[in-house]
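Some notes on the structure that comes next.
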Amino acid sequence: MPKMIVSIDGVVIKEVTLAKDRTTLGRRPYNDIVIDNLAISGEHAVLHMIGGDVYLEDLNSTNGTYVNSRAIKKQALENNDVVEVGKYKIRYLSGGEPGSVSPVPVRVGPPVASGPIPLSSAPTVASPLGGAVAAAAIRVLTGVGAGRELSLEKVVTTIGKPGVAVAAVTRRLHGYVVAPIDGGTTLNGEPLGNEAVSLQDGDVLELGGTRMQFVHA
């Protein structure tokens, strides 16, 4: 089960198991993770559990929320990521098997940020339990980036446009899953719920009016 290890100046002060779909963090005593410090907002951030994945969302806090020293608004967490609020560091442990993939920074941006990547040259990536799987890709079908492909090399890749619609594609041992983070996302014409859904070759996603196809190498 996922855990958050809270520390300050290298000293661990509490350990919290994420057992609920929604876990709040802040200075007020009604939060699930209470940090009684004036640098922490009363309602600072919230952790969402969707399927087997955890997403961190900043609640417009005064001093911001950081993951691996980068300010975030909403982001999927990976094993061993370090969340920073004020002077406190909170290490996220996914509770997965030993030897899980090291954290990879997740950048939210347009799905066409990188140039075209031919599927024939898509690299292989290590699976969480060893071995290698072929990296899949997201192919843009409509809009100015039509025809371009985004290789899914990271453990978690965010697609879409912040403030419009954002989803996270996560690589797991036996394939890829997609979960909405912000705004509306449809899969093959059906709205995505709160649970992560497995992706199959040829599936079509639509975010903010842009249609994209999942292509497995």
Side-chain angles (χ1 to χ4, degrees), residues 1-109 126-129 154-158 160 162-163 166-173 177-183 193-196:
M1 192 168 286
K3 294 181 180 180
M4 305 299 290
I5 311 298
V6 185
S7 65
I8 185 169
D9 296 330
V11 178
V12 174
I13 59 175
K14 67 176 68 178
E15 177 180 311
V16 179
T17 299
L18 301 181
K20 303 194 302 181
D21 291 340
R22 188 176 189 273
T23 301
T24 59
L25 182 155
R27 192 175 72 251
R28 302 296 184 194
Y30 50 75
N31 286 286
D32 298 301
I33 303 176
V34 179
I35 301 180
D36 189 11
N37 185 282
L38 291 177
I40 312 301
S41 296
E43 297 175 355
H44 196 100
V46 62
L47 293 143
H48 302 278
M49 278 215 303
I50 302 176
D53 301 313
V54 175
Y55 300 86
L56 174 66
E57 178 183 4
D58 180 79
L59 298 176
N60 297 316
S61 62
T62 301
N63 294 313
T65 301
Y66 297 78
V67 175
N68 301 327
S69 300
R70 296 180 62 181
I72 64 98
K73 285 298 181 184
K74 202 166 190 178
Q75 178 168 312
L77 292 179
E78 297 178 38
N79 186 51
N80 226 29
D81 272 351
V82 176
V83 178
E84 298 170 64
V85 289
K87 293 184 178 180
Y88 292 79
K89 294 183 184 296
I90 308 172
R91 186 173 298 277
Y92 169 69
L93 300 178
S94 66
E97 298 82 359
S100 57
V101 177
S102 300
V104 180
V106 177
R107 180 179 60 80
V108 175
S127 70
L129 297 180
K154 298 178 181 180
V155 175
V156 180
T157 301
T158 49
V166 178
V169 178
T170 303
R171 175 169 50 83
R172 292 183 176 172
L173 179 61
V177 298
V178 62
I181 295 179
D182 190 21
N194 292 326
E195 297 293 327

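For the pair L25/I90, a side-chain contact is recorded, criterion being any heavy-atom separation below 4.5 Å from C-beta on. Annotation: side chain of Y92 is not in contact with side chain of L47 (no heavy-atom distance under 4.5 Å). The shortest distance between side-chain heavy atoms of L93 and N79 falls below 4.5 Å. Side-chain contact check for T24 versus E43: every heavy-atom pair is 4.5 Å or farther apart.
R70 CZ to D81 CG: the interatomic distance, rounded to the nearest 0.5 Å, is 11.0 Å. Here the OG1-CG distance, from T23 to L18, works out to 5.0 Å after rounding to the nearest 0.5 Å. Rounding to the nearest 0.5 Å places NE2 of H48 at 6.0 Å from CZ of R22. Put simply, OG on S61 and NZ on K73 are 6.5 Å apart, with the number rounded to the nearest 0.5 Å. Summarising the geometry, atom CZ belonging to R28 is positioned 14.5 Å from atom CD1 belonging to I35; distances are rounded to the nearest 0.5 Å.
Heavy-atom minimum distance, E15 versus K3: OE2-NZ, 3.1 Å. Taking all atoms of both residues into account, the shortest heavy-atom contact from A179 to I50 is CB-CG2, 4.1 Å. Across all non-hydrogen atoms, the minimal contact from E84 to N68 is OE2-C, 4.1 Å. Across T62 and S41, no two heavy atoms sit closer than the pair N-OG, 3.0 Å.
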Q | Test log, rule side-chain contact (heavy atoms from CB on, under 4.5 Å), inputs L77 and V83 | A | CA-CA 9 Å; L77 292 179; V83 178; 4.2 Å; yes

Checking L56 against Q75 for the side-chain contact (heavy atoms from CB on, under 4.5 Å) test, could you report, in this order, the C-alpha distance in whole Å, the side-chain angles of both residues, the deciding distance, and whether it holds? CA-CA 5 Å; L56 174 66; Q75 178 168 312; 5.5 Å; no

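Distance alone, capped at 3.5 Å, places no donor-acceptor pair between the H44 side chain and the N60 backbone. Between the side chain of N63 and the backbone N or O of A39 there is at least one donor-acceptor pair closer than 3.5 Å.
With hydrogens and angles left out, the side-chain atoms of R27 and N37 include no donor and acceptor closer than 3.5 Å.
Atom NZ of K14 sits in a crowded spot, with more than 12 heavy atoms from other residues, nucleotides or ligands closer than 6.0 Å.
Between R172 and D53 there is a salt bridge, with a side-chain nitrogen of the basic residue lying less than 4.0 Å from a carboxylate oxygen of the acidic one.
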